[in-house]
Amino acid sequence: MDYDVNSLTLEEKLQLLIGRNFWQLSTANGKLPDVFLADGPHGLRKVVDDSNCAIPVTAMPNFSTIANTWNPEMAKLSGETIADDCIENNVDVLLAPGVNIKRTPLCGRNFEYFSEDPYLAGAMAKSFIEGVQSKGVGTSLKHFCANNSEYDRVYQSSDVDERTLREIYLPAFETAVKANPYTVMCSYNPIAGIYASENKWLLKDVLRDEFGFNGLIVSDWRAVPCGYKAIKATLDLTMPYDKDAYKELKEAYEKGFITIEEIDERVKSVLEFINRITSNKSKRVITTTKETRHDNAVKIACEGMTLLKNEDGILPLKNGNIYVDGKYCINPVIGGGGSALATSDYKIEPLSTLLQPMIPNANVTSRTCAVAVTNLNVVGAKYSYEKISTADTVVLCVGTGPEVETEGRDRTTLRLSKVQEDFIIQSARYNKNIVVVLYAGSAVDASPWIDKVKAVLLAGFSGEGVQEAVSLILSGKVNPSGKLSETYPLSVCDTFNTRDCGNGMYENYFEKVLVGYRYYDTLDKDVLFPFGYGLSYSTFEYSNLKIKKISQTDYELAFKIKNTSAVDGSEVAQVYVKDVMSMVLRPEKELKGFCKVNIKAGETKTVKIKLDYRSFAYYSIPLKKWYVENGDFEILVGSSSRNVLLKDKIKIELDEAEQYSQINMKTL
Ligand code: GLC
């Protein structure tokens with residue numbers, strides 16, 4: 001049914017523009033149905049009483065793990081799975097996905113976002129939204145925009161220029177909006193000095209008019225400094241309820257700061273949103289059980305875990321005495337802290353218990369007590385390395401955790417805790433065959449110990465199925481296929497330390513479009529592990545790149561990938577574009593296509609990827625549009641941003657009348 005704005009009193013209209021409480025909308029004195037919003041991206045987080053305890057649900061892999069799958073189908077599957085928990089608990093809108101770009105690996109919420117690259121982030125977010133909304137549950141694409149650190153997030157302005165916004169911080173939203181999310185959530189921070197909630201250029205000109213978003217714009221919680229200015233900027237719903245907000249809005253109307261027409265426009269938007277919820281309730285059919293949701297969590301975790309090192313083929317584990325230790329070998333971390341932390345009542349078995357039956361020829365033992373290694377003096381005599389020194393292979397489960405990677409604060413270091421670093425280094429003194437399983441939601445500086453261990457498996461923050469996935473990969477029952485969706489720098493000194501950029505009033509994005517691999521590759525900086533990197537138990541060979549020209553700016557690439565090993569596996573082929581000569585600063589390369597293919601041992605598959613105008617364009621400020629300069633472009637195909645295996649060059653020759661003069665090298 002369509003709800004009529006004229007059936008509401010002024011008071012009911014104003015109440016409708018502000019939450020009824022922390023999670024629900026006003027029902028206009030019963031004239032409207034109840035609407036419940038709830039977090040979060042890695043599983044429903046529905047708090048039902050003042051205890052702030054969330055009801056137990058299936059805890060899914062965090063978005064950083066999902067992004068490392070490079071498989072949008074996994075994002076969709078996670079969305080569908082979480083939606084069933086929402087349906088079961090009468091939640092109408094899931095406050096996810098967050099698509100903020102990982103400008104700095106220090107950002108506390110990076111576990112909750114997809115990537116340092118907007119093309120990958122947009123593809124994953126779009127699929128997640130499609131997954132959730134296919135079940136008649138709404139989503140909230142967040143945090144719009146340029147909320148790239150937690151430090152002073154409510155006050156400090158992201159001082160970023162328009163071209164950088166357009167090329168780095170907006171494209172993931174632009175792509176994800178194509179999935180028609182029920183809502184977009186505006187961020188806390190000002191952008192170029194204007195609060196997101198009041199930023200009419202961003203909310204109306206860009207999001208609504210240019211990107212075509214026709215849903216509801218909701219604030220982040222307590223992200224509205226001035227209600228009537230937000231309405232003028234076309235923000236629809238201020239969350240949560242705030243008694244002063246209603247009073248201020250009423251006074252603003254009475255003083256003529258906002259008109260009834262402006263109020264009605266926003267009320268109509270809320271009514272359309274409520275109407276969309278009620279008219280899609282018929283899609284709310286639960287198709288999973290608690291068991292199948294758990295299986296989905298394991299499946300996604302398996303596909304997102306990333307093998308970063310595997311010397312001497314120590315993995316997969318085969319036989320001998322295997323000893324498992326480390327902070328997370330019994331109680332693993334399943335997610336980062338804050339509003340995205342899902343509560344699971346799934347009983348996670350110790351890693352060794354899961355591993356033993358998968359490697360019957362081995363003898364797997366483990367630390368028995370759950371005490372975290374941080375409580376032991378691992379370097380002093382107190383800690384016995386006897387089991388570590390006598391094992392054939394040692395598996396150390398280390399990582400960060402929700403007390404390190406969380407909403408509300410950034411990290412101050414990329415290093416693991418000193419106790420854990422010492423533990424790895426000390427263990428390596430007693431045994432050369434060390435396998436590190438790393439539970440982290442964002443980049444870790446492993447430089448103190450990486451050369452002392454033979455293998456590193458990035459387990460990530462991977463939900464309640466994390467230990468099953470780790471054991472399946474360590475035992476070789478699953479062939480790892482994850483690739484990094486963010487760069488692991490050698491040191492935090494090689495990247496932006498947000499502390500150096502912010503002064504409490506603004507944080508200047510002086511690096512402009514050079515974010516992540518765009519920065520490291522353009523400045524030719526060494527990194528620990530590059531964007532797009534990940535190993536497999538298989539080996540792959542790329543060949544036969546062919547580029548078919550469809551128009552001046554439309555091309556279809558085709559190339560072959562052969563699995564040259566005896567193990568079936570999956571490979572993520574990546575396509576980067578480089579503008580050979582430009583009149584503006586452009587990154588060394590930019591991701592413009594990718595494809596994950598499953599290839600059986602010895603088989604060859606042909607991969608096809610299309611490029612279009614936006615694959616070559618940069619955003620021109622003077623022209624106020626995306627613009628492709630004529631000239632040469634390199635097409636780079638590789639297994640990571642730093643391992644280009646096929647490359648070719650194309651020349652774009654658009655109609656001269658459409659082009660602007662470039663420096664004429666002949667006359668110089
Ligand atoms: C928080 C977060 C946002 C979350 C909301 C509701 O401050 O920034 O992501 O959805 O408030 O908990």
Side-chain angles (χ1 to χ4, degrees), residues 18-25 35-55 57 60 62-64 79 82 85-86 89 91-102 107-114 121 125 128-129 132 137-156 158 172-173 176 181-191 195-197 215-225 235-242 245 335-343 402 405-410 441 461:
I18 301 164
R20 179 169 104 232
N21 52 39
F22 210 78
W23 301 112
Q24 290 166 289
L25 274 66
V35 172
F36 203 104
L37 317 176
D39 291 310
H42 314 137
L44 173 63
R45 179 180 171 78
K46 184 173 182 182
V47 178
V48 286
D49 56 33
D50 297 343
S51 67
N52 200 27
C53 287
I55 53 168
V57 294
M60 301 300 288
N62 286 201
F63 279 172
S64 46
I82 298 172
D85 268 324
C86 292
N89 292 283
V91 167
D92 300 296
V93 177
L94 183 73
L95 299 170
V99 291
N100 295 101
I101 294 301
K102 303 185 184 185
C107 173
R109 286 182 92 168
N110 275 351
F111 65 91
E112 194 180 333
Y113 302 142
F114 290 108
F128 181 85
I129 292 167
V132 174
V137 176
T139 58
S140 193
L141 177 59
K142 67 188 186 180
H143 308 89
F144 191 73
C145 72
N147 180 183
N148 306 105
S149 66
E150 291 300 287
Y151 174 67
D152 222 1
R153 64 174 175 168
V154 179
Y155 304 106
Q156 185 164 267
S158 297
F173 289 96
Y182 280 46
T183 76
V184 166
M185 182 189 292
C186 84
S187 59
Y188 285 109
N189 54 286
I191 295 95
Y195 271 100
S197 63
L216 179 115
I217 301 179
V218 61
S219 73
D220 200 339
W221 267 232
R222 299 197 182 92
V224 179
L235 181 117
D236 298 306
L237 175 63
T238 294
M239 288 301 287
Y241 169 76
D242 173 319
S339 60
L341 186 61
T343 303
E405 297 193 62
T406 180
E407 175 181 349
R409 65 172 177 275
D410 296 323
F461 283 173

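In what follows, residues are counted from 1 in the order of the sequence shown. Just so you know, ligand 1 is whichever comes first in the structure, and atom 1 is the first atom listed for that ligand.
- More than 12 heavy atoms of other residues, nucleotides or ligands sit less than 6.0 Å from atom CZ of F36.
- In terms of protein heavy-atom proximity, atom 1 (C) of ligand 1 is closest to E407 OE2, 3.2 Å.
- Below 3.5 Å of separation, one finds an N or O of D220 facing an N or O of ligand 1.
- Here the protein heavy atom with the shortest distance to atom 10 (O) of ligand 1 is D39 OD1, 2.6 Å.
- If you check the side chains of N189 and S187, you find a donor sitting under 3.5 Å from an acceptor.
- The residue M239 has no part lying near ligand 1, judged by heavy-atom distances below 4.0 Å.
- Close approach to R153 involves these atoms of ligand 1, each under 4.0 Å from a residue heavy atom: 7 (O), 8 (O).
- Of the possible polar contacts, none joining the Y188 side chain to the R222 backbone as a donor-acceptor pair under 3.5 Å is found.
- Of all protein heavy atoms, the one closest to atom 7 (O) of ligand 1 is Y188 OH, 2.6 Å.
- Under the 30°/60° scheme for interplanar angles, the aromatic rings of F63 and F114 are found to lie parallel.
- Below 4.0 Å from some heavy atom of M185 lie the following atoms of ligand 1, by number and element: 10 (O).
- In the vicinity of K142, heavy-atom distances shorter than 4.0 Å reach the ligand 1 atoms 3 (C), 4 (C), 9 (O), 10 (O).
- Where the criterion is an N or O separation shorter than 3.5 Å, residue side chain and backbone included, E112 fails it with respect to ligand 1.
- Contacts between R222 and ligand 1, counted as non-hydrogen atom pairs separated by less than 4.0 Å, are absent for every part of the residue.
- What you find for R45 and A54 is that their closest heavy atoms are CG-CB, 3.9 Å.
- Of all heavy-atom pairs spanning S197 and A223, the tightest one is OG-O, 3.4 Å.
- Atom numbering of ligand 1 starts at 1 in the shown order; those under 4.0 Å from a heavy atom of L95 are 10 (O).
- A donor-acceptor pair under 3.5 Å links the side-chain atoms of K102 to the main chain of Y113, judged by distance alone.
- Heavy atoms of W23 found under 4.0 angstrom from ligand 1 belong exclusively to the side chain.
- S219 contributes a side-chain N or O that, together with a main-chain N or O of M239, makes up a donor-acceptor pair within less than 3.5 Å.
- Under 4.0 Å from ligand 1, not a single heavy atom of R45 appears.
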